[in-house]
Amino acid sequence: MSTNAVETLRYTKIETTADGGSAFVDGRIELSVREVATGVIPQAVGELASGGALFVRSGEFDSAPHTAPARQWVVMLRGSVEVTVTSGEKRVFAPGDLLLAADVDGLGHRTATLGDPPFEALYIAAPEEASAPAVPE
């Protein structure tokens with residue numbers, strides 16, 4: 001079974017800043033080619049520490065400023081959202097994007113849906129060590 005690093009998975013983290021605001025931080029998780037099951041060709045695999053998952057579907061996802069209810073990976077499945085952190089910086093997340101919402105205290109962030117509904121995402125609980133495998137940009 002091969003474990004050679006071949007590429008990386010990019011993600012964005014929202015974290016609480018020292019002044020209680022929020023900010024985006026770019027990161028990446030190294031992927032290694034390995035066999036995931038007997039009879040399946042080797043695939044690029046990266047590990048995410050997790051502790052449970054929720055599927056969410058909503059007609060809209062516009063919000064007032066809020067913190068993440070818990071550290072969680074957000075895997076965008078359908079629709080797009082624009083997230084604004086306290087500095088005013090905005091980023092758009094679309095299907096296939098990965099976000100680590102880690103601003104569980106402070107002033108939080110705002111979220112607004114873009115385009116036609118529904119919005120769908122997979123929320124995966126992320127323990128404190130969830131960002132450990134990430135390699136800073």
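Linking Ile, Leu, Val, Met, Phe, Trp and Tyr residues whenever their side-chain heavy atoms come within less than 4.5 Å leaves Leu107 and Val83 in two separate clusters. Linking ILVMFWY side-chain heavy atoms closer than 4.5 Å, directly or via other members, places Leu77 and Leu100 in a single hydrophobic cluster. Under a hydrophobic-cluster definition in which Ile, Leu, Val, Met, Phe, Trp and Tyr are linked whenever side-chain heavy atoms come within less than 4.5 Å, directly or via other members, Val85 and Val104 are assigned to different clusters.
Remark: Thr17 engages Asp19 in a side chain to side chain donor-acceptor pair (under 3.5 Å) (not counting sequence neighbours). Applying the side chain to side chain donor-acceptor pair (under 3.5 Å) criterion to Thr16, with sequence neighbours excluded, gives Asp105. Applying the side-chain contact (heavy atoms from CB on, under 4.5 Å) rule to Ala70 yields no partners; only residues at least two apart in sequence or on another chain are considered. Checked against side-chain contact (heavy atoms from CB on, under 4.5 Å), Leu98 has the following partners two or more places apart in sequence or in another chain: Leu9, Tyr11, Leu48, Trp73, Val75. By the side chain to side chain donor-acceptor pair (under 3.5 Å) test, Gln43 is found to be paired with no residue, residues two or more places apart in sequence or in another chain being considered.
For the ring-ring contact (aromatic ring centres under 6.0 Å, His included) condition, no pair includes a residue of residues 12-32, sequence neighbours left out. Among residue pairs with one or both ends in residues 80-115, those qualifying as ring-ring contact (aromatic ring centres under 6.0 Å, His included) are His66-His109; sequence neighbours excluded. Residue pairs meeting the side chain to side chain donor-acceptor pair (under 3.5 Å) criterion with at least one member in residues 112-126, sequence neighbours excluded, are Arg57-Glu120, Asp62-Thr113.
Going from atom CD of Glu7 over to atom OG of Ser32 covers 10.0 Å, rounded to the nearest 0.5 Å. A distance of 4.5 Å separates CD in Glu82 from NZ in Lys90, rounded to the nearest 0.5 Å. Here the straight-line distance linking atom CZ of Arg71 with atom CD1 of Ile14 works out to 12.0 Å at 0.5 Å rounding.
Asp103 places none of its side-chain heavy atoms less than 4.5 Å from the side chain of Glu15.
With respect to Asp26 and Arg91, a salt bridge is recorded, a charged nitrogen being found less than 4.0 Å from a carboxylate O.
Counting only distance, with no hydrogens or angles, the side chain of Thr111 and the backbone of Ser63 share no donor-acceptor pair below 3.5 Å.
Listed by chain and number, the hydrophobic cluster partners of Ile41 come to none, as no ILVMFWY side chain reaches under 4.5 Å of it.
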Side chain to side chain contact (heavy atoms under 4.5 Å, CB included) assessment of Thr8 paired with Leu31: CA-CA 5 Å; Thr8 58; Leu31 303 180; 5.6 Å; no
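Taking each heavy atom of Arg110 and Pro65 in turn, the nearest pair found is NH1-CD, 3.2 Å. Of all non-hydrogen atoms in Ser80 and Val92, the two that sit nearest each other are CB-CG1, 4.3 Å. Minimum interatomic distance between Thr86 and Ser22 (heavy atoms only, all atoms of both residues): OG1-N, 2.8 Å. Residues Met76 and Gly79 share a closest heavy-atom pair of CE-O, 3.7 Å.
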